[in-house]
Structure formats: structure tokens, C-alpha cells
Q: 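What follows is a structure written as C-alpha cells; I'll ask about it next.
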Amino acid sequence: MEIKLDQGVRLDLKDALKLIGKLFVRECRLVMNSHLADMPHNDTGLLARSLRVSIKNDTVKITAGVRYATALFMGSNRHGHKIAGKPLFDYVLDKIQPEIKRIIEQSAVIETGGDGRRSGGE
């Protein structure tokens with residue numbers, strides 16, 4: 001995803017990234033509860049409860065802290081049994097991309113003249 005900034009505009013990302021992380025996890029949980037055919041289902045709630053958000057250096061990191069997450073999301077071929085992946089994170093990212101762009105646009109801070117004032121994107 002690419003967002004271009006005009007001269008004199010900077011992003012105040014900390015709160016925006018927190019909001020994006022919460023939105024992503026919430027949407028993952030909604031998708032798991034919706035029982036879509038090609039997505040993981042929320043039978044025990046272990047996967048949903050293991051989703052974590054961390055923010056470092058203007059980067060959002062979402063992790064699923066269960067052992068089987070990689071095999072579930074990417075698929076597996078073990079002992080002659082091929083299991084198709086259920087790409088939850090890819091699906092959710094595609095689904096919420098317009099909302100992510102809106103959140104980032106609202107976090108833009110326009111630097112004004114020499115008086116040191118700023119105006120936000122709200």
C-alpha cells in the first residue's frame with residue numbers, strides 16, 4: 001500500500017497504528033466467527049485469543065501465537081496429506097485496506113507557518 005504526502009505534511013502515526021492493529025484483530029475475529037468456507041473457524045477460540053498487536057518503529061506487527069498458525073494460514077503437506085491454506089491475514093488486509101487508508105489520512109498533520117501551530121486531518 002502506498003500513500004504519498006505533500007510537502008509540509010507529516011504523519012502522527014502512533015495512535016493511527018494502534019487503531020489499525022485493533023481494527024485488524026477485530027476483523028480477524030469477525031471473519032473466524034462468520035464460518036466462511038476458506039477461512040479458519042473459531043471452534044475453541046484459541047487462535048482468536050492468541051492474536052497480538054505490537055508497534056515498533058512506525059510498524060504494526062500482528063502475530064498469531066499458536067503453534068499451528070503458519071500451517072493453517074499457508075497450508076501444509078505432511079505425511080502425504082495436503083491441506084490447503086486458509087489465508088486469514090491476507091483476506092483481512094484486503095478487506096480493511098480502505099479503512100486503513102482513511103485512518104492514515106486522518107493522522108496527517110499539516111505543518112503551518114512560523115507560529116508553530118498544526119492542524120490535524122479531522
Side-chain angles (χ1 to χ4, degrees):
M1 177 175 4
E2 182 178 336
I3 297 176
K4 295 181 181 180
L5 298 177
D6 292 330
Q7 186 175 5
V9 177
R10 69 177 175 80
L11 291 177
D12 187 16
L13 286 178
K14 185 176 181 181
D15 291 335
L17 295 177
K18 286 180 184 178
L19 190 57
I20 290 167
K22 287 180 183 180
L23 172 68
F24 191 90
V25 169
R26 185 182 73 224
E27 192 63 36
C28 283
R29 290 177 177 152
L30 287 171
V31 168
M32 285 188 283
N33 284 326
S34 69
H35 294 285
L36 295 173
D38 294 334
M39 291 295 120
H41 297 162
N42 199 12
D43 293 332
T44 65
L46 183 61
L47 178 61
R49 287 191 312 270
S50 79
L51 297 176
R52 297 287 180 260
V53 177
S54 63
I55 299 168
K56 289 184 183 176
N57 301 325
D58 292 338
T59 302
V60 177
K61 181 179 179 182
I62 315 283
T63 56
V66 291
R67 257 179 38 167
Y68 59 86
T70 302
L72 180 65
F73 296 160
M74 304 300 292
S76 177
N77 189 1
R78 189 170 175 189
H79 304 297
H81 295 90
K82 182 171 171 79
I83 299 174
K86 298 182 178 199
L88 176 66
F89 284 6
D90 294 339
Y91 177 82
V92 169
L93 185 59
D94 288 344
K95 185 174 181 182
I96 67 170
Q97 201 164 26
E99 185 70 10
I100 290 172
K101 286 182 180 181
R102 186 191 63 75
I103 291 168
I104 292 173
E105 286 170 359
Q106 287 182 342
S107 73
V109 176
I110 300 171
E111 300 289 338
T112 57
D115 62 3
R117 294 185 191 174
R118 305 179 305 191
S119 63
E122 294 180 352

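Predicted model only: the values in this text are computed from it and were never measured.
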Q: State plainly whether one hydrophobic cluster holds both Leu46 and Leu88, where clusters connect Ile, Leu, Val, Met, Phe, Trp and Tyr through side-chain heavy atoms under 4.5 angstrom apart.
A: yes
Q: Would Glu105 and Arg102 pass as an ion pair if we require N to O under 4.0 Å?
A: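 No, this pair does not count.
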Q: Using 0.5 Å steps for rounding, measure from the CZ atom of Arg67 to the OG atom of Ser50.
A: 13.5 Å
Q: Just jot down the side chain to side chain contact (heavy atoms under 4.5 Å, CB included) partners of Lys22, sequence neighbours excluded, or say none.
A: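 Here no residue qualifies.
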Q: In the structure I gave you, are the side-chain heavy atoms of Pro87 and Met74 within less than 4.5 Å of one another anywhere?
A: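 No, every pair of side-chain atoms sits at 4.5 Å or beyond.
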Q: Check whether Val66 and Met39 end up in the same hydrophobic cluster, where Ile, Leu, Val, Met, Phe, Trp and Tyr are linked by side-chain heavy atoms less than 4.5 Å apart.
A: yes
Q: Search all heavy atoms of Gly21 against all heavy atoms of Val53 and return the closest pair with its distance.
A: O-CG2, 3.6 Å
Q: Would a hydrophobic clustering, with Ile, Leu, Val, Met, Phe, Trp and Tyr connected at side-chain separations under 4.5 Å, put Leu36 with Phe24?
A: yes
Q: Linking I/L/V/M/F/W/Y whenever any side-chain heavy atoms sit under 4.5 Å apart, do Phe73 and Tyr68 land together?
A: yes
Q: Can you tell me if Asn77 has over 12 outside heavy atoms packed within less than 6.0 Å of its CG?
A: yes
Q: When rounded to the nearest 0.5 angstrom, what distance separates SG in Cys28 from CG in Asn42?
A: 11.0 Å
Q: Looking at Glu27, Met32, Arg29, which hits side chain to side chain contact (heavy atoms under 4.5 Å, CB included) with Val92?
A: Glu27
Q: Would you list the pairs meeting ring-ring contact (aromatic ring centres under 6.0 Å, His included) in which at least one residue belongs to residues 37-60, sequence neighbours left out?
A: His35-His41
Q: Kindly give the heavy-atom pair with the smallest separation between Pro40 and Lys86, and that separation in Å.
A: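 Taking every non-hydrogen atom into account, CD-CB, 3.7 Å.
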Q: Hey, could you give me the CD1/CD1 distance between Ile20 and Ile103, rounded to the nearest 0.5 Å?
A: 5.0 Å
